[in-house]
Each structure stands twice: as C-alpha cells, then as structure tokens.
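See structure below.
For this chain, numbers begin at 1 and follow the sequence in order. Just so we're clear, the structure is a prediction, and the values are computed from it rather than from any experiment.
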Amino acid sequence: QLQLVESGGGLVQPGGSLRLSCAASGRTFSFYAMGWFRQAPGKEREFVAAITWGGADTFIADSVKGRFTISRDNAKNTVDLQMNSLKPEDAAVYYCAADGGPFPDFASATSYYSRAANYDYWGQGTQVTVSS
C-alpha cells in the first residue's frame with residue numbers, strides 16, 4: 001500500500017499564493033505518477049495537475065495553467081503544488097493521488113491523467129479557502 005498525506009492548505013486572499021505538499025510512504029514513490037485534484041461543494045471532482053513517474057512531463061488543467069505548478073522530489077517522496085494568483089473559484093478540498101501504472105503513451109497522456117479513476121491511491125485532502 002501507498003499512503004499519501006497532504007499538507008499546506010489554509011486561508012489565503014485573492015491574488016495570494018499557497019504551496020501544497022503531498023508526502024508518500026509505504027512503497028517506492030519514484031515508480032508512481034502523481035496528480036492533484038480538487039473538489040468544491042456541489043461540484044464534480046476536478047483535475048488540477050499531474051506529473052509522470054520520472055518527473056520529465058507535467059500536465060496542467062486549463063483553468064489553472066500559468067498560475068499553478070506541479071513538481072516532485074523523489075528523494076524526499078513528495079510532490080508539491082505551487083498555487084499563485086489564487087482566485088475565489090480555486091477554493092476547494094485538494095487531493096493528492098498516485099498512479100502505479102501501466103502508463104499511457106504520450107498522445108494519450110493528457111486525457112489519461114485527467115481521469116480520477118486512473119489513480120490507485122488517494123490522500124485525505126487539504127482545505128484551501130480563498131477569501132478577502
């Protein structure tokens with residue numbers, strides 16, 4: 001089993017920044033692709049960002065592209081989500097997820113990593129509130 005624990009959530013003003021972190025334990029972290037999803041009250045779970053197991057490729061949702069960045073540190077077994085220029089519509093519970101494969105080819109990667117059903121492990125989530 002792979003355990004995932006998110007941290008870094010909290011209250012931030014519109015236009016502010018927040019950095020979320022996901023710590024993994026239990027299995028070899030470097031073999032998993034990692035993703036971030038979010039879910040606001042009354043809305044579907046939404047893809048935010050993903051990074052491949054090797055860290056060479058990243059995938060960012062259009063709604064946050066240019067503002068959010070995903071990164072990983074396999075030596076520390078962590079994946080981070082840097083969120084800048086936050087908007088009220090970014091408020092949600094943010095979840096970290098891990099995918100043990102098999103992984104898609106490059107042409108199918110964007111659609112694959114945007115589907116929550118393709119991930120094998122999930123964290124408990126961390127609340128992000130954006131309000132003035």
Side-chain angles (χ1 to χ4, degrees):
Q1 297 291 313
L2 184 69
Q3 294 82 45
L4 304 174
V5 180
E6 303 96 334
S7 63
L11 174 65
V12 64
Q13 294 183 339
S17 297
L18 204 61
R19 188 177 184 89
L20 306 183
S21 184
C22 174
S25 62
R27 291 190 177 183
T28 305
F29 173 75
S30 61
F31 291 163
Y32 289 83
M34 302 295 296
W36 285 96
F37 289 76
R38 67 187 184 186
Q39 188 165 20
K43 295 185 177 181
E44 297 286 329
R45 184 161 44 183
E46 177 188 18
F47 170 73
V48 178
I51 187 167
T52 56
W53 68 267
D57 298 309
T58 61
F59 308 90
I60 311 296
D62 289 340
S63 59
V64 301
K65 190 171 296 183
R67 299 186 297 119
F68 290 13
T69 302
I70 188 171
S71 62
R72 69 188 298 161
D73 187 339
N74 288 343
K76 297 181 179 179
N77 288 355
T78 58
V79 59
D80 290 355
L81 183 70
Q82 178 65 48
M83 305 184 294
N84 299 325
S85 301
L86 283 161
K87 305 174 181 179
E89 52 263 43
D90 294 320
V93 176
Y94 282 71
Y95 297 92
C96 175
D99 174 21
F103 305 115
D105 57 23
F106 182 81
S108 303
T110 299
S111 60
Y112 175 86
Y113 287 116
S114 68
R115 295 187 67 247
N118 289 329
Y119 294 81
D120 304 306
Y121 302 98
W122 293 82
Q124 293 298 115
T126 185
Q127 177 71 55
V128 172
T129 302
V130 185
S131 176
S132 60

Does Gln124 use its side chain to pair, donor to acceptor, with the backbone of Val5 at less than 3.5 Å?
no
Can you name the nearest heavy-atom pair linking Gly125 to Val93, along with the distance?
CA-CG1, 3.9 Å
Ser17 to Asn84 - nearest heavy-atom pair and separation:
OG-OD1, 2.9 Å
Pairwise distance CZ(Arg72) to SG(Cys22) - rounded to 0.5 angstrom
10.0 Å
Residue that, paired with Arg38, satisfies side-chain contact (heavy atoms from CB on, under 4.5 Å) out of Val64, Leu81, Val128
Val64
Ser114 side, atom OG; Ile60 side, atom CD1 - distance, nearest 0.5 Å:
12.5 Å
I want to know whether Phe37 and Tyr119 have ring centres closer than 6.0 Å.
yes
Mind checking whether Glu6 and Leu20 have side chains closer than 4.5 Å, heavy atoms only?
no
Pair Trp122-Cys96, side-chain contact (heavy atoms from CB on, under 4.5 Å): steps then yes or no:
CA-CA 6 Å; Trp122 293 82; Cys96 175; over 6 Å; no
Identify the two heavy atoms, one from Tyr95 and one from Gly123, that lie closest to each other, and give their separation to 0.1 Å.
CD2-O, 3.6 Å
Side-chain touch Met34/Leu4, heavy atoms, less than 4.5 angstrom
yes
Test of understanding: clusters of I, L, V, M, F, W, Y form through side-chain heavy atoms closer than 4.5 Å, transitively. Do Ile51 and Trp53 belong to the same one?
no
Separation between OG1 (Thr129) and CG (Leu86), nearest 0.5 Å, reads 11.0 Å
With rounding to the nearest 0.5 Å, note down the distance linking CG in Asp73 to CZ in Phe29.
8.5 Å
Quick one: closest heavy-atom pair of Tyr113 and Ala33, and the distance?
CE2-CB, 3.5 Å
Looking only at atom types and distance, does a side-chain atom of Arg67 sit under 3.5 Å from a main-chain N or O of Ser85, one as donor and one as acceptor?
yes
Tyr94 vs Phe68 aromatic rings, parallel, tilted or perpendicular, using cut-offs 30° and 60°?
tilted
Donor-acceptor under 3.5 Å (Asn118 side chain, Tyr112 main chain):
yes
Heavy-atom distance under 4.5 Å between the side chains of Ile70 and Phe59, does that happen here?
no
Verify, without hydrogens or angle tests, whether Thr52 (side chain) and Asp57 (backbone) share a donor-acceptor contact under 3.5 angstrom.
yes
Closest heavy-atom contact between Ser63 and Glu46?
OG-OE2, 3.3 Å
With the 4.5 Å side-chain cut-off for hydrophobic clustering, are Tyr32 and Phe47 part of the same group?
no
Can you name the nearest heavy-atom pair linking Ala91 to Ala40, along with the distance?
O-CB, 3.7 Å
Can you check whether Arg19's main-chain N or O pairs, donor with acceptor, with Gln82's side chain at less than 3.5 Å?
no
With a 4.0 Å cut-off, would you call Asp62 and Lys65 a salt bridge?
yes
Spatial distance of atom OG1 (Thr69) from atom CG (Asp80) [nearest 0.5 Å]:
11.0 Å
So does Asp105 get a backbone contact from the side chain of Ser108, meaning a donor-acceptor N/O pair under 3.5 Å?
no
Heavy-atom check, side chain of Ser25 versus side chain of Asn77, under 4.5 Å:
no
